[in-house]
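Just so you know, residue 1 is the first one in the sequence shown, and it goes up from there.
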Amino acid sequence: MEPYPNSTATDWVTYADHVVVATVTAEREMPLDDHEKETGEGSVDREVTLHADEIIWSADDPAHAAPEGEFTMPGFGWTLADGEKTEMVAEGAPRLEVGHSYIFALYWLPEVPDEPVPVPARWNSLGLSAMVPFDDGIIGNGEVMGEVVSPSQQRDLHETPAEDEPALEQTLAGEDITELESTLATTKPGVPEDY
């Protein structure tokens with residue numbers, strides 16, 4: 001399950017703290033735990049470093065100031081089988097590759113110290129539809145599932161949601177950032193549900 005509803009403009013302005021354009025500048029393979037080291041099976045986590053290029057929208061009372069400069073987020077890592085790594089991807093979602101730019105609807109995730117592995121405070125995407133390719137300043141243009149796609153291909157990757165409001169990825173693919181700014185500025189937040 002994804003952290004929050006995240007496909008529509010209403011989702012973004014209801015649950016996000018900020019919407020930003022950011023470029024992936026580096027990636028880091030996280031250390032294997034004992035099980036993966038011993039068996040050569042499981043998964044390998046990955047952290048990406050991003051540069052916040054532009055703030056597109058902010059909530060009236062965000063939990064945390066928008067990221068400036070570099071920040072980190074989790075990215076899809078690798079599956080591990082017989083000691084061999086294979087890139088992990090999710091259907092229709094960016095993997096977050098170095099050199100590519102994306103639009104993110106972000107929320108601040110406070111520290112979670114009580115998990116089996118503590119989770120530090122950090123920025124996170126609302127979900128898979130809150131990470132949209134944005135190479136060359138065009139919405140829907142760039143990396144998805146480790147491959148470069150065009151805006152028309154981006155539209156075709158997603159089914160129309162059951163809700164009345166269409167997904168941002170589909171309606172704004174091929175547009176520039178001013179269309180997203182206008183959409184978010186004129187969209188009213190919904191009533192947040194507990195997640």
Side-chain angles (χ1 to χ4, degrees), residues 1-7 11-12 15-53 63-64 66-135 139-149 153-154 157-159 167-169 195:
M1 181 175 163
E2 296 184 85
Y4 292 101
N6 60 85
S7 67
D11 293 337
W12 286 25
Y15 297 103
D17 292 320
H18 305 282
V19 175
V20 302
V21 172
T23 301
V24 180
T25 58
E27 65 180 359
R28 179 169 73 107
E29 182 178 316
M30 304 306 283
L32 296 176
D33 68 19
D34 291 340
H35 172 76
E36 274 85 7
K37 284 180 187 173
E38 291 169 11
T39 65
E41 304 288 331
S43 62
V44 182
D45 292 334
R46 178 171 158 262
E47 179 183 81
V48 295
T49 300
L50 303 106
H51 182 272
D53 302 323
H64 199 272
E68 295 182 11
E70 290 194 338
F71 66 102
T72 60
M73 280 180 34
F76 289 110
W78 300 266
T79 58
L80 190 62
D82 295 326
E84 296 293 321
K85 293 188 306 184
T86 303
E87 287 186 354
M88 193 182 300
V89 296
E91 186 68 33
R95 187 168 190 278
L96 305 181
E97 297 283 4
V98 173
H100 290 281
S101 297
Y102 306 87
I103 299 166
F104 295 93
L106 298 174
Y107 74 100
W108 183 251
L109 179 66
E111 180 183 15
V112 185
D114 299 331
E115 293 293 319
V117 176
V119 177
R122 65 171 189 254
W123 288 109
N124 205 3
S125 162
L126 291 178
L128 297 179
S129 291
M131 303 183 295
V132 178
F134 191 63
D135 286 352
I139 297 170
N141 185 59
E143 182 271 322
V144 174
M145 297 171 49
E147 302 288 335
V148 175
V149 300
Q153 290 170 315
Q154 173 71 9
L157 285 171
H158 302 279
E159 294 179 18
L168 280 176
E169 295 169 290
Y195 281 86

Using a 3.5 Å distance criterion without hydrogens, assess whether the side chain of [X] forms a donor-acceptor pair with backbone atoms of [Y].
X    : Y    : answer
H18  : H64  : yes
Y107 : A63  : no
D17  : W108 : yes

Write down the atom of [X], the atom of [Y], and the distance for their closest heavy-atom approach.
X    : Y    : result
V144 : P133 : CG2-CG, 3.4 Å
V19  : I103 : CG1-CG2, 3.7 Å
A52  : A22  : CA-CB, 4.2 Å
P3   : S125 : CG-O, 3.9 Å

Problem set entry | Counterpart residues, side-chain hydrogen bond (donor to acceptor under 3.5 Å, both in side chains), relative to N6 (two or more places apart) |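 With sequence neighbours excluded, N6 shows a side-chain hydrogen bond (donor to acceptor under 3.5 Å, both in side chains) to E2, given in chain and number order.
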
For this session: Could you tell me which residues satisfy side-chain hydrogen bond (donor to acceptor under 3.5 Å, both in side chains) with D135, sequence neighbours excluded, listed by chain and number?
Result: H100

Distance in Å, [X] [atom1] paired with [Y] [atom2], rounded so as to fall on 0.5 Å steps:
X    : Y    : atom1 : atom2 : value
L126 : M131 : CG    : CE    : 10.5 Å
R95  : E147 : CZ    : CD    : 11.5 Å
L50  : S101 : CG    : OG    : 9.5 Å

Heavy-atom check, side chain of [X] versus side chain of [Y], under 4.5 Å:
X    : Y    : answer
L168 : S129 : no
L80  : L32  : yes
M30  : P74  : no

Problem set entry | E84/W78 under side-chain contact (heavy atoms from CB on, under 4.5 Å): CA gap, chis, key distance, verdict | CA-CA 9 Å; E84 296 293 321; W78 300 266; over 6 Å; no

Which residues pass the side chain to side chain contact (heavy atoms under 4.5 Å, CB included) test with [X], not counting sequence neighbours?
X    : result
M88  : S43, F76, T79
A81  : E41
E111 : P113, A121
T49  : T25, A26, E70, T72

Exercise. F134: what forms a ring pair (Phe, Tyr, Trp, His ring centres under 6.0 Å) with it, not counting sequence neighbours?
Worked result: none

Exercise. Can you name the residues that form a ring pair (Phe, Tyr, Trp, His ring centres under 6.0 Å) with H51, not counting sequence neighbours?
Worked result: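 For H51 there are no ring pair (Phe, Tyr, Trp, His ring centres under 6.0 Å) partners, ignoring immediate neighbours.
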
Problem set entry | For K37, all residues meeting salt bridge (Lys or Arg N to Asp or Glu O under 4.0 Å), sequence neighbours excluded | none

Exercise. Got a sec, which residues hit salt bridge (Lys or Arg N to Asp or Glu O under 4.0 Å) with E143, two or more places apart in sequence or on another chain?
Worked result: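 Applying salt bridge (Lys or Arg N to Asp or Glu O under 4.0 Å) to E143 gives none.
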
Problem set entry | Worked verdict on F71 versus L106 for side-chain contact (heavy atoms from CB on, under 4.5 Å) | CA-CA 12 Å; F71 66 102; L106 298 174; 4.2 Å; yes

For this session: Would you mind listing every salt bridge (charged side-chain N to carboxylate O under 4.0 Å, His left out) that reaches into residues 18-29, with sequence neighbours excluded?
Result: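 Listed once each, the pairs are E27-R46, R28-E47, E29-K85.
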
Problem set entry | Working for side-chain contact (heavy atoms from CB on, under 4.5 Å), residues W123 and V20 | CA-CA 11 Å; W123 288 109; V20 302; over 6 Å; no

